[in-house]
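To start, the structure itself, in structure tokens.
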Amino acid sequence: MIVRQALFEGIIHPGREQEFRDYVEEKLVPLWQAFPGVREVRVLHAVDRDEGAPVFAMILSTIYDDRAALAQALESPVRYESRELTKGVLEMFEGHIHHHVFELAARSTD
């Protein structure tokens with residue numbers, strides 16, 4: 001399994017936290033779930049961190065069977081639609097987004 005994570009490093013503009021979460025849930029999550037080949041979508045909103053740790057407002061994790069499935073998803077029209085709608089969330093966010101791809105080595109099945 002392959003996991004692609006989008007790390008939203010930075011802060012949500014003060015007072016817009018709920019608006020940010022609602023926008024993600026209502027507009028972006030349905031698109032992320034529509035990516036071809038996606039097996040799982042997880043959205044993590046920060047609630048706490050170690051002192052001195054970098055600030056991540058949100059992390060998006062998507063899971064695919066393999067790198068070929070990820071490549072297909074990244075070429076899909078849904079990705080470009082998602083990028084366009086992401087501009088709305090960026091109006092509420094100060095920072096940058098970077099992506100990382102991991103191989104899933106272990107998974108709990110509870």
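What you are looking at is a predicted structure, and each value in this text was computed from that prediction instead of being measured. The first residue in the sequence is number 1, and the count goes up from there.
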Is there a side-chain contact between [X] and [Y] in this structure, where contact means two heavy atoms from C-beta onward sitting under 4.5 Å apart?
X     : Y      : answer
Arg4  : Ser61  : no
Val24 : Val89  : yes
Leu70 : Val101 : yes
Ile97 : Leu90  : yes
Gln5  : His99  : no
Leu31 : Leu85  : yes

Under 6.0 Å from the [atom1] atom of [X], do we count more than 12 heavy atoms belonging to anything else shown?
X     : atom1 : result
Gln18 : CD    : yes
Glu25 : CD    : no
Glu94 : CD    : no

Report whether [X] and [Y] are members of the same hydrophobic cluster (ILVMFWY, side-chain heavy atoms less than 4.5 Å apart, transitive linking).
X     : Y     : result
Trp32 : Ile2  : yes
Leu44 : Phe56 : yes
Val29 : Met92 : yes

Okay, side chain of [X], backbone of [Y]: is any donor-acceptor separation there less than 3.5 Å?
X     : Y     : value
Asp66 : Ala69 : yes
Arg16 : Glu91 : yes
Tyr64 : Ala71 : no
Ser82 : Val78 : no

Straight-line distance of Arg79 CZ to Thr86 OG1, nearest 0.5 Å: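 Answer rounded to 0.5 Å: 10.5 Å.
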So, for [X] and [Y], which heavy atoms are closest and what is the spacing to 0.1 Å?
X      : Y     : result
Pro54  : Glu9  : CB-OE2, 3.9 Å
His100 : Leu7  : CD2-CD1, 2.9 Å
Val47  : Arg21 : CG1-NH2, 4.5 Å

Hydrophobic cluster (4.5 angstrom, side-chain heavy atoms) - remaining members for Ile11: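 Members other than Ile11 - counting any ILVMFWY side chain reachable under 4.5 Å - are Val55.
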Identify each donor-acceptor pair in which a side-chain atom of residues 34-43 lies under 3.5 Å from a protein atom, sequence neighbours left out, and give them as a table.
| from | atom 1 | to | atom 2 | distance (Å) |
| --- | --- | --- | --- | --- |
| Arg39 | NE | Asp65 | OD1 | 2.9 |
| Arg39 | NE | Asp65 | OD2 | 3.1 |
| Arg39 | NH2 | Asp65 | OD2 | 2.6 |
| Glu40 | OE1 | Arg107 | NH2 | 2.3 |
| Glu40 | OE2 | Arg42 | NE | 2.4 |
| Glu40 | OE2 | Arg42 | NH2 | 3.1 |

Aromatic plane relationship, Phe20 with Phe93 - under 30° parallel, 30 to 60° tilted, over 60° perpendicular: tilted
